[in-house]
Amino acid sequence: MSDKTSAAQSAPGVTPSSTAAPGPPASVKSSKGAVWFASRFAVIGVWIALAALFAVLRPDTFLTSGSLKVIFGSQNQAALVFLTAALLCTIVVGEFVDMSVASNFGLSAIMLTILNVNHGWNVGAAVLASLVLSTAVGAVNGWLVVKVGVNTIVVTLGMGTFLLGIALWISDLMPVGGLPTDFKDIALQPVAGLPVSFFYGLVLMLGFAYVLHFTPLGRNMRFVGESREVSRLAGVRVTRLRVGAFTVAGLIAGVGGVLSAAATGGFDPNVSQSYLLPIFAATFLGTAILQPGRFNPIGTLVAVFFLATGVLGLQLLGASSWITSVFYGGVLVVAVTISTVLRNRTR
């Protein structure tokens with residue numbers, strides 16, 4: 001009997017039940033589960049806690065429908081959603097951040113206004129011309145970066161400065177207004193208590209997330225972002241995807257500019273640069289939401305409203321106007337740090 005037991009113990013591939021390797025302790029599993037949950041939903045928890053704090057400190061002003069509309073329905077947040085979506089297009093395929101999206105957004109808005117108000121173009125034709133221009137700017141960025149091989153940040157930073165100069169030139173350094181009053185309905189028409197532009201942004205981000213997660217195009221974009229050479233060897237059209245990402249980014253920025261101009265009846269080209277810091281803060285903060293260490297549309301959408309909640313709450317508490325820059329800048333530093341740590345852990 002002992003010989004048989006000994007033989008069984010020594011036989012390859014046979015492990016007696018009494019000596020089976022123990023599984024990980026329950027405490028370890030629980031710890032891993034907590035880390036998994038925190039890495040995906042901690043920022044959402046902080047957002048809820050922040051809103052609760054402001055509600056306690058300023059219940060008469062924060063707990064109102066007006067505050068809700070400022071956080072979710074202001075034109076500033078709608079613009080940020082479109083701009084962050086444009087930025088994500090290039091980041092997902094592995095390009096460095098497109099520094100020209102804000103200026104492209106501004107040029108589209110001011111071009112629409114100038115063509116309609118100063119030159120008498122039909123508003124539909126002016127919208128079309130503005131979108132063609134913004135899309136062309138994106139295509140030129142893509143051609144210079146992908147085809148010519150110029151550094152992304154050099155191209156887009158230079159293009160952004162160039163576009164800002166053009167916008168200031170055609171507007172004589174002044175805000176321009178006077179768009180048809182009924183044109184504002186394409187951005188401000190109320191739907192369920194919020195302007196329709198909020199739902200445009202929601203559909204845009206949800207559609208972007210669907211493409212990335214459930215379509216071959218989205219998987220190829222992620223694949224290219226991880227490794228261009230491996231993607232090329234696998235038969236992915238890397239060049240087309242990269243140029244296409246810049247082109248679509250230009251189109252999305254242009255659409256955002258059109259909606260912004262429609263909502264305000266015109267545009268001030270100097271305003272466009274004020275979006276740069278919030279764009280980067282929201283985009284990088286989004287990497288700490290739902291998909292740790294990865295740029296993702298839903299996380300970015302949540303980050304936009306997180307930042308809006310923080311800024312509004314601080315303003316209601318009596319903070320000066322400089323607090324906006326401090327808040328956005330601080331969040332950007334923290335978000336980039338979190339993104340770097342999470343990316344290193346996933347490698």
Side-chain angles (χ1 to χ4, degrees), residues 79 81-171 176 179 186 200 204 207-208 211 217 221 224 237-262 266-273 275-276 279:
V81 170
F82 276 84
L83 286 167
T84 53
L87 195 64
L88 283 172
C89 284
T90 55
I91 291 178
V92 167
V93 295
E95 300 296 339
F96 195 72
V97 290
D98 185 344
M99 304 287 288
S100 69
V101 290
S103 294
N104 202 2
F105 164 94
L107 182 63
S108 173
I110 196 64
M111 182 62 70
L112 160 64
T113 310
I114 292 290
L115 290 177
N116 176 256
V117 176
N118 293 1
H119 297 284
W121 283 40
N122 174 273
V123 69
V127 167
L128 181 61
S130 299
L131 295 181
V132 169
L133 176 60
S134 62
T135 305
V137 168
V140 170
N141 281 340
W143 179 76
L144 290 173
V145 171
V146 180
K147 293 286 191 178
V148 181
V150 186
N151 181 273
T152 306
I153 193 169
V154 172
V155 168
T156 58
L157 182 59
M159 181 64 77
T161 306
F162 174 76
L163 297 180
L164 175 61
I166 294 296
L168 292 172
W169 169 52
I170 64 175
S171 63
V176 181
L179 288 171
I186 70 166
Y200 294 154
L204 173 65
F208 196 176
V211 169
L217 172 61
M221 290 175 69
V224 170
R237 296 179 176 180
V238 175
T239 299
R240 179 177 295 184
L241 274 178
R242 293 172 65 200
V243 174
F246 277 102
T247 304
V248 173
L251 173 61
I252 293 174
V255 172
V258 167
L259 292 175
S260 182
F267 196 73
D268 180 357
N270 293 288
V271 171
S272 61
Q273 298 308 294
Y275 287 109
L276 275 176
I279 295 169

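Worth knowing before you read on, the calculation uses all heavy atoms, side chains too, and leaves out hydrogens, waters and symmetry mates.
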Let me confirm one number: the [atom1]-[atom2] distance from [X] to [Y], rounded to the nearest 0.5 Å.
X    : Y    : atom1 : atom2 : result
F162 : N104 : CZ    : CG    : 11.5 Å
T161 : I166 : OG1   : CD1   : 12.0 Å
D268 : I110 : CG    : CD1   : 7.5 Å
L241 : C89  : CG    : SG    : 11.5 Å
T152 : L157 : OG1   : CG    : 12.0 Å
N141 : L163 : CG    : CG    : 7.5 Å

Give me the atom names and distance for the closest heavy-atom approach of [X] to [Y].
X    : Y    : result
I114 : V176 : CD1-CG2, 3.8 Å
G106 : S272 : CA-CB, 3.9 Å
L131 : G254 : CD2-C, 3.5 Å
L179 : A261 : CD1-O, 3.4 Å
A86  : V101 : CB-CG1, 4.0 Å
S100 : G160 : CB-N, 3.7 Å

Side-chain donor/acceptor of [X] to backbone N/O of [Y], under 3.5 Å:
X    : Y   : answer
T90  : E95 : no
T156 : M99 : yes
Y200 : F82 : no

Is there a side-chain contact between [X] and [Y], using heavy atoms and a 4.5 Å cut-off?
X    : Y    : value
V97  : I153 : no
S108 : V258 : yes
V148 : W143 : yes
T135 : T247 : yes

Self-check item: Sequence-distant partners of W121, side chain to side chain contact (heavy atoms under 4.5 Å, CB included), two or more places apart
Solution: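 Partners of W121 by the side chain to side chain contact (heavy atoms under 4.5 Å, CB included) criterion, ordered by chain and then number, come out as L115, H119, A125, A126, A129.
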Exercise. Could you tell me which residues satisfy side chain to side chain contact (heavy atoms under 4.5 Å, CB included) with A245, sequence neighbours excluded, listed by chain and number?
Key: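 Once residues adjacent in sequence are excluded, the partners of A245 under the side chain to side chain contact (heavy atoms under 4.5 Å, CB included) criterion are V93.
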Quiz item: Sequence neighbours excluded, which residues qualify as ring pair (Phe, Tyr, Trp, His ring centres under 6.0 Å) partners of Y275?
Solution: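 For Y275 the ring pair (Phe, Tyr, Trp, His ring centres under 6.0 Å) partners, ignoring immediate neighbours, are F105.
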Self-check item: Test applied, side chain to side chain contact (heavy atoms under 4.5 Å, CB included); reference residue, V127; option that passes from L112, N122, N116, V255
Solution: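 Considering L112, N122, N116, V255, a side chain to side chain contact (heavy atoms under 4.5 Å, CB included) with V127 is found only for L112.
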